[in-house]
Asker: 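Quick one: the structure is below, questions incoming.
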Amino acid sequence: MKESNMDGLQTTATETEQQLEDMAKEMRLANDGLLEQDKGYFCDVRPHRVEPYKGIMESFANWARSQSLWILGFGTGCGAIELRPLMTSRFDMYRYGIQARPTPRQSCVFIIGGYASVKTLKRIVRSYEQMQGPKFVLGLGSCTVNGGMYWDSYNTINRIDQYIPVDVYIAGCMPRPEALLGGFIKLKQMIREGKCEGMNKYIDDFDWYKANQKQIIHDWNMPDYNW
Amino acid sequence: MNEIMTKAWYTLISLFVITNYGLLLGGTMARVRAKVQGRIGQPVWQPYIDILKNNFKRTGIYHGVMFYLGPVFRLAGGLGTYLFIPAVYGSLVFSNFSFSGDLLLVMYFIFFGQLGMALGAGQSGHPYSPLGVSRGLAQMTAFEVPFALSVIAIAAQYQTLSITEIVAAQQGGILNWVAFTNPLAMVAGMISFLGMSMGNPFSVVIAPQEIPIGPPTEMQSSFLGMLQTNRAIFNGAKLVLFMNLYFGGATNIWIMVIKTFLIYLYTVIVDASFPRFRTDQSIRFFLGTPALIGIAAVVLQML
Amino acid sequence: MVSPLYLIAMLLGAAFLHPLIQNRSKLAGQLVVLVVLGATVAIPLQWLMALDIATMQTVVFQTAGFTAPLSINLQVGVEESLFLVIINGGALFSALYFFRRRTREWEGSVQILLMTLVLGVNGLVLGRDLFNLFVFMEISSLSLYALVATTKTANSYEAGIKLMVAGGIASALFLIGVVFLYRMTGTLNLDDMIANKQLLDNKAGITALFLITASLLIELKPFPANGWGADVYQAADPGVSALTSGTSATAIFFVLYKITPLFGFELLQVVAASGGITFIFSQLLAYKQDSVRRMLGYSSIGQIGLLILVVALGSLYGEAFTTTMFGGIFLLVLLLGGNHLFSKAGLFWMSGITGQHSLGTMRQSKTVRLGPVGAALQGILTSALAGFPPFPAFWAKWIVITALLAFGSYWWASIILIGSLIEAAYLFKWFLNAVKSPVDPGTVHDEVIPEDFPEEPVKEPMAGASPAGIVARIARQSSGGWIAPFMATAVLVACGMLLATMFILRGRISGYRDMVLLLPLAVLVLWTVFDVIRVPFKLQIGLAIICSAGYGLVFLPGLDGIRLVFGLIFIAGSAVQMVPLLNRRGHHRGLAGMLLALVFSLGNLLFASSALEFFFSWELMTITSFFLVVRGRQASGAALRYLVFSLGGAFSILAGLFFGSSPLAALLLGIGFLVKMGTLGLHIWLPGAYAETDDDMSTFFSSVTSKAGLFMLFLLAGLFVQEAIPAGFAAGTRLESLLSGIAFTDLLGWLGVVTAFAGAFLALFKEDIKYTLAYSSMGQVGYMLLSFALMSQLGWMNSLYLAVTHLMFKGMLFVAISGVVYRTKTRLMYQMGGLITRMPITFFTVLIGIIAVSGVPPLTGFGAKWMLYTALIEKGWYLQAALAMFASGIAFLYLFRLIHVIFLGQLKDEHRTVTEAPIWMLIPQVVGIAGIMLYSMYPSLLLKPLEAAVAPFFETTISWDGYTVLSTLGYWNGTAVMYVTMGVFLVPLLWLLIVQRKNTQKVGQFNIVYAAERPYRPETTHFGYNFFAPYEKALGFLHKPLATRFWYRVVSVAEVAGSMVRKLYTGNIQTYALWIVIYTSILLSILQRGM
Amino acid sequence: MATERQERTIQEVKDSDPVCDAQTGLKFVHVEADQAVAYITRLRDVQGYTHLVFFTAIDYIEDSIFRLTYMVHNYASRQDLGVQVDIPRHGTTMESIHHLWPHAATYQRELKEMFGIDFPGSPGLDDSFILEGWTGIPPMRREFDTKLYSEQTYFPRPGRVTHDTTAYMKEKLYPSEAETW
């Protein structure tokens, strides 16, 4: 009697362990694109959704976020040339709490500066994933919307929102700095309203985004999520 | 027990004041810099918002224990440096823990935060981090030379290493300041202060165009928030130290505010007007004229 | 008493009968030789027992009822007996060397020649009649020519002929001299002549004596008329060379010794000059030699030259030598001669056994690697020859130098010291060449980049695990050849021990404390026994640790003040740092004993009550530490440098000990101590020695041994406060006013701070971690020197404080690093990286270590900085203070690099499986951390005892207020600093833990923002190589190796001198003969000028 | 020393004077593929054309050839010279000139990726230049339908219209000024 009881307990224990292991496995990413010997270099934890705070706390946080927009200084396309004037005394983006940061780790706004080739997209995905949430994406120029004048190129992607979530598009080829500022103000407004949950969207639809990315990035030599 | 509680309150007040002052000073100086460049510039309270935002970040990453502790070391270094300096002469509240040690303690405690931060940056595994640290440390050894000479000249002048006594000796009129009684020491010290505040032309650590941001490349979220907080406090501490050393200290909080503001203004103006040195140029610079001025100051005391 | 005639008769009879026996049985023939030679040793021993040693009793034997010169006139005295014991002992060992060697050298004729040679030399020693002496000289010379020729190579025949020609000239001169003397004194008996010495006190008499002297000198191969001698040594079989150098030359020297009472002042001077010149130039020549045997030959010639010099000087300055123990000059002759005979013969045999002919240059030598037994033998023989304690030459050297300096004969003293230094250099060069590992390039000037160390070939396991096995193995190897050097070594060791006991105890055994100075020797013997009976290494080290602890418990409580501080450093520090050695596997012969002996000799510095005792311990420390350095895998170059510098320093100390408290004494002693400390200019041995030693032993050198110099500085501090420039120097000029008032301490202060700066600066650019630490130690010692030189209470406190804390943190660092090197198998920092995850405890140790070294509060290092700057400013040394601050900033640079490049950054693939350092390596680290944390928390625990220690020397300038220490300038409360630091550290940490309590992901090593790329290899992502490139660009000109270059130039001057002298030797018989004639003429003309 | 073959080539080229493009003033010579490298070597070493300005290809699918153009420059005479070489479109292999100008390797790498022209021996030829992990036919060959590829691959946004720029601007943006155009 006693023994069987013990056995039962043990079975339960192993089963639980098994389950836990399975769960842990689900939380891991396959990282199939990496060479076997390279897998150890990268973190393979699956990103998970982070819920916003509740109520006024989140509003306050969102206000702070909207007042302190740090741009990732990565000129992904020719539109990046229109970012420079923002720093000048004529446009003075600092007034709005906007600053450029040289590293994705510290930035919260990623500006896709125009057309993105496949090669660039790989870097865009990598940098986007390296940013810490909440993070926002500004699509700058027509190319990010529908490919713009390069829409039929063998190498230019047409819709950036198929690969990473975009919060605000600024149309034009090229949009002027004023339009960019307009986009920023729109973004701020949206952040304050709590509408910019792009990061959680990316995680919710993670597999879809990944499938899209992998469809065109053939030599996927990075982990599935670049922590 | 009562004494300890009182001291704790005083400490909190002192820290609260210096933190807010440091943050506002940073915001104000950004405005000043903007004015130099013909802009309006960010709001004065922008540093507060940045820190808030960074602490409100939902996710974060870390590379290991030292990475995690790096910002803690840094902030501890900033807090400690401030706490070992008597901020306001004769004030109980702002005397902090200056009874723990003299000027030498402060000079060496500055390294505490830098070392910790360097270790944290090092563990990130990013090559730019140690590159920045290497540049920063290399430059630091260089600007420490005129500073050390200057401090030695002051210590020789007043035969004391206690900051309180150095301040006390400078009381009684503007001409009693070290800046006037020992101008060479002041010049050497203030040049090395430029290096210490890491602005142009000595911004080799951050060097945005070469090694984007250097040591804190991997720092984000609340780690970064902590570094920003430290920046305010540490800046305040350094300003107070230099005020005490060269400009007669402060007998009340308002004088402290005015004096430190002016000292900081001086570094900002230099910062806004110069391009950057290369690291080796910077080292040679500090070991050149400023060091000679410092030696002259010391030799004058020996004669 | 056995009549000496039996000795002669026995030898003669055996020589005649030998062919008969040989024909019956070869073995029997050999045994007969051994038995007869054994008897030649036994008979003088019997005489010694019968004679009254205290009065140097002599007994004269006349033979066949006739008086000399018609019969043989023999005198047996204590001197003769002792000499015969050693000479015949050497011959006996030679016979053992030849024994059962199935080569043609050991044929019947050789055995007979050996016996006739012994017969000749016995006659030379015993004979008191000049003509008899001539006869015996001829007998021994003839035997020798034949022996040399028995090697049966073209070279040896030629050498034999050269020897014969030279011998012929010498005999002719001798005979002419004898004729003259007989004409003038009417006797041939030496004693009669000495009694009628005044008869010879004219030009003719002196000339006659000169002829005899010249003949003897030529036989002893004086410089420069000695090319033939060197050829003999090179061409003959090593066994024969051993006989030539030991037996024959020593006997002829004894003849010279016997007739010195006849010499007048002029002649003695000529003899002394000849000996001195021979000594120094032979050493220079030997230094340049490629051939081992020729090198040993020149060394022999030089040693005989030294003997001649000593005898001549002894007669010249007789009164100075009489103060020594007993027998006066004879003791010296005996010690030097015996020491040389056995050690040189032993080395010749070793060269024969290993078959090593050519040294090559050290770089490209055909290495003959000795096994452990061979290495031990050669090491002991070399040490004995170089005059290290406890071997006889050490005591002789001491007596000679003492007497010479007491007499004021500085030139001769310095010639002897410099010659000895050169001799030690080339002898140890050979030793290192013979024992170094195959991967050793021989010259280690600096770190090796970027090749990794090649794998060391796996050593064959040693067979035989019992003493019997070892003996059997020795016997098996080269059929008995090993026995000879083994016996020689045994004799030397036994004599050394005996002499040490005699000299050190000097008959006063009042308690166990007097024995303490002999402990290192006892330890060496005991642990050698352990090695022989194969006690496991771990047990040996364990016993060593227990013994150190016991030593500390027994002896240290008797000390107080500064001695106690250093006692704790030397003994307790060493005991803790021995623990990592427990990690070693396998057998490490001689390691534990050497180490313990080193520790004890360091400890004994504390107890030395006389100059001799101190110097004995000092030299013992030098030689034991040298043998520890040698064990490093690529250490031979470094070890040689270490030895030469240490020995040079020791000689400087030896000289300095006799100048009382004059500035010269301060200078000489100071140089000696500073060499040990490795201050700038004298430091070039330091990095190599610290770095190339086995990783787990470097810590001894860095954290313990370097303090010995500091300790001695403290002991003799009074010397250094005097003015450095003697009064009257450059009197009346402006220079005088500039230079006056500069005390040695001022110079030491500058030297200390410059050393601190240079150490830090040089450490900055090293990729090899051990070189970094080595230079770091150098810098730290510089701070200690600077603090010492302050000559104030705070300064001294700080010096001691640094000594104690440096022991802890540098010991920790070295042990931690040795653990890292042990695990990662590399010493180059940039090849490591990211080890924090693999070795967290070691990382923590290094972290604490570097915080402590750099002087960042709240750890102990800051206390040192605080005291240093306070003391410097109090003293008014402002510029030094500034330079010290600069140095401490630079120290911060290399320390950060150390911890970053090893532990942070990118983990390399090959280190993925690295584990934490072994437990034995962690124990000292934990002890160090505990010590540092304790003293950081409560600095008063350390400061107050130190204050008490220096209290007898200075007025106190500091006061205490609770935990706060107040100086005249400032104050410091270490405890409060610690609390505040903990507070300001914990508050942000808690904040971070709260804010980051969730959603903070630990990521992998390649999860970095890499300009939107990804890293591919850790090697290319890790920033570690040439870490401070901008610094090098800005200030790199400062680390040009100026000091190193200077010392290289010194060496090359010696080498050039050697090769210039070498040109005298053409290898041609006629030239050599001409040289002999010219030599004689020159001596004669000098003599005439003297008259 | 020029080989006999090179001499012959030079002679042939001299006989056929370089064609001068009337519009640009550039001179072009047409060389057979097997003689091209020898000729260019001669240009570089003897005639002072020391600088390779660019190296490109044009796909003449109608003639079934690629026309390679080596543009070289003579600093002394400030003269550009285009060397044109026609090679067949299929199984295309061309002799490498990276030994003449190291930077030619980069041009050749690009040509390999974009046109599929092989240059045996050229260093790093198969490393990706722009297209990472491209597996289809080289995109600059004219048989590659880039519009179709884009539509199939890049999620074209529905509702996109393409206008003729001039007409559209006249009509929509600046109708009042349309007359002045």
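As a basis for the values below, the full set of heavy atoms in this structure was taken, side chains included, without hydrogen atoms, waters or symmetry mates. First the proteins, then the strands, lettered A, B, ... as listed; each starts at 1.
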Asker: For Leu986(C), which atoms come within 4.5 Å of any heavy atom of chain B: side chain, backbone, both, or neither?
Answerer: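 For Leu986(C), no heavy atom lies under 4.5 Å from chain B.
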
Asker: Under a 4.5 Å heavy-atom cut-off, does chain C meet the side chain of Phe223(B), its backbone, both or neither?
Answerer: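 Both parts, backbone and side chain.
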
Asker: Aromatic rings His900(C) and Phe896(C): how do their planes relate, parallel, tilted or perpendicular, breaks at 30° and 60°?
Answerer: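 Answer is parallel, since the angle falls under 30°.
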
Asker: Would you say the rings of Tyr108(B) and Phe112(B) are close, in the sense that their centroids are separated by under 6.0 Å?
Answerer: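 Here the rings of Tyr108(B) and Phe112(B) have centres that are no less than 6.0 Å from each other.
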
Asker: Distance under 6.0 Å and angle within 45° of the ring axis: does Arg1014(C) meet both against Tyr1016(C)?
Answerer: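 Output yes; distance and angle both within limits.
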
Asker: Need one label for Thr870(C): side chain, backbone, both or neither, based on atoms under 4.5 Å from any heavy atom in chain B.
Answerer: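 For Thr870(C), the contact with chain B is made by backbone and side chain together.
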
Asker: Working note: Thr842(C) + Glu916(C), criterion side-chain hydrogen bond (donor to acceptor under 3.5 Å, both in side chains); need CA distance, chi angles, decisive distance, verdict.
Answerer: CA-CA 7 Å; Thr842(C) 310; Glu916(C) 183 56 84; 2.4 Å; yes

Asker: If you count heavy-atom pairs under 4.5 Å between each of Trp866(C), Tyr1031(C), Trp972(C) and chain B, which one has the most?
Answerer: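 Greatest number of close heavy-atom pairs with chain B: Tyr1031(C).
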
Asker: For the side chain of Arg838(C) and the backbone of Arg912(C), is there at least one donor-acceptor N/O pair under 3.5 Å apart?
Answerer: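 Present.
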
Asker: Among Ala138(B), Ala156(B), Ala153(B), Pro130(B), which residue has the highest count of heavy-atom pairs closer than 4.5 Å to chain C?
Answerer: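 Looking at each of Ala138(B), Ala156(B), Ala153(B), Pro130(B) in turn, Pro130(B) comes out on top.
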
Asker: Tell me, for Tyr971(C) versus chain B, whether the close heavy atoms (under 4.5 Å) come from the side chain, the backbone, both or neither.
Answerer: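 When you check distances to chain B, atoms from both the backbone and side chain of Tyr971(C) fall under 4.5 Å.
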
Asker: When heavy-atom pairs shorter than 4.5 Å are enumerated against chain B, which of Val1009(C), Thr975(C), Thr1021(C) gives the highest number?
Answerer: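 The residue among Val1009(C), Thr975(C), Thr1021(C) with the greatest pair count is Val1009(C).
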
Asker: Measure Val298(B) against the heavy atoms of chain C and call it side chain, backbone, both or neither at under 4.5 Å.
Answerer: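 The answer is both parts of Val298(B).
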
Asker: Identify which of Thr59(B), Leu75(B), Leu131(B) forms the greatest number of heavy-atom pairs closer than 4.5 Å to chain C.
Answerer: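 Highest number of heavy-atom pairs under 4.5 Å: Leu131(B).
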
Asker: Only pairs of heavy atoms separated by less than 4.5 Å count here; which of Thr279(B), Thr164(B), Ile61(B) has the most with chain C?
Answerer: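 Sorted descending by pairs with chain C, the first entry is Ile61(B).
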
Asker: Please look at Phe67(B) and chain C and tell me whether the side chain, the backbone, both or neither of the residue comes under 4.5 angstrom of a heavy atom of that chain.
Answerer: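 Answer is neither: Phe67(B) stays 4.5 Å or more from chain C.
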
Asker: Who wins among Leu1035(C), Leu883(C), Leu893(C) for the most heavy-atom pairs under 4.5 Å with chain B?
Answerer: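 Max contact count across the listed options: Leu893(C).
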
Asker: To the nearest 0.5 Å, what is the distance between CG on Leu119(B) and CD1 on Ile836(C)?
Answerer: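 Separation between the atoms: 8.5 Å.
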
Asker: Gln123(B), Gln301(B), Arg135(B): which one forms the most heavy-atom pairs within less than 4.5 Å of chain C?
Answerer: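 If we count pairs closer than 4.5 Å to chain C, Gln123(B) comes out on top.
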
Asker: Checking Tyr82(B) against Ser14(B) for the side-chain hydrogen bond (donor to acceptor under 3.5 Å, both in side chains) test, could you report, in this order, the C-alpha distance in whole Å, the side-chain angles of both residues, the deciding distance, and whether it holds?
Answerer: CA-CA 9 Å; Tyr82(B) 174 69; Ser14(B) 183; 2.8 Å; yes

Asker: Under a 4.5 Å heavy-atom cut-off, does chain C meet the side chain of Val133(B), its backbone, both or neither?
Answerer: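 Side chain of Val133(B) only, per the 4.5 Å heavy-atom cut-off to chain C.
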
Asker: Counting only non-hydrogen atoms closer than 4.5 Å, does Phe1006(C) touch chain B with its backbone (N, CA, C, O), its side chain (CB onward), both, or neither?
Answerer: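 For Phe1006(C), neither part sits under 4.5 Å from chain B.
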
Asker: Which atoms of Phe84(B) are under 4.5 Å from chain C, going by heavy atoms: the side chain, the backbone, both sets, or neither?
Answerer: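 The side chain, not the backbone.
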
Asker: Select, from Val987(C), Thr981(C), Thr964(C), the one with the greatest count of heavy-atom pairs under 4.5 Å involving chain B.
Answerer: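 So the answer, after comparing Val987(C), Thr981(C), Thr964(C), is Thr981(C).
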
Asker: So which part of Leu847(C) gets closer than 4.5 Å to some heavy atom of chain B, the side chain, the backbone, both or neither?
Answerer: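 Only the side chain of Leu847(C) comes within 4.5 Å of chain B.
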
Asker: In terms of heavy-atom pairs under 4.5 Å, which option from Ser98(B), Gly78(B), Ser129(B) contacts chain C the most?
Answerer: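 When all of Ser98(B), Gly78(B), Ser129(B) are compared, Ser98(B) has the most.
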
Asker: Quick one: are the ring centres of Phe765(C) and Tyr894(C) less than 6.0 Å apart?
Answerer: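 Here the rings of Tyr894(C) and Phe765(C) have centres that are no less than 6.0 Å from each other.
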
Asker: Are the side chain of Arg897(C) and the backbone of Gly1024(C) linked by a donor-acceptor contact shorter than 3.5 Å?
Answerer: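 Side chain of Arg897(C) to backbone of Gly1024(C): a pair is present.
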
Asker: Report which part of Phe111(B) has an atom under 4.5 Å of a heavy atom belonging to chain C: side chain, backbone, both, or neither.
Answerer: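 Its backbone and side chain both get close to chain C.
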
Asker: Can you say whether Ile899(C) sits under 4.5 Å from chain B via the side chain, the backbone, both, or neither, judging by heavy atoms?
Answerer: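 Side chain only.
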
Asker: What residue, out of Asn230(B), Leu287(B), Thr217(B), Leu149(B), has the most heavy-atom pairs lying under 4.5 Å from chain C?
Answerer: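 Maximum pair count with chain C is reached by Leu287(B).
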
Asker: Report yes or no: is the cationic atom of Lys908(C) (NZ for Lys, CZ for Arg) closer than 6.0 Å to the six-membered ring centre of Tyr830(C), at no more than 45° off its axis?
Answerer: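 Pair Lys908(C)/Tyr830(C) does not count as cation-pi.
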
Asker: How far does OG1 of Thr160(B) sit from CG of Leu103(B), to the nearest 0.5 angstrom?
Answerer: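 Reported value, rounded in 0.5 Å steps: 9.0 Å.
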
Asker: Determine whether Leu83(B) and Leu15(B) satisfy the following criterion, side-chain contact (heavy atoms from CB on, under 4.5 Å), listing intermediate values before the conclusion.
Answerer: CA-CA 8 Å; Leu83(B) 286 180; Leu15(B) 283 177; 4.1 Å; yes

Asker: In the structure I gave you, are the side-chain heavy atoms of Glu165(B) and Asp102(B) within less than 4.5 Å of one another anywhere?
Answerer: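 Not in contact.
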
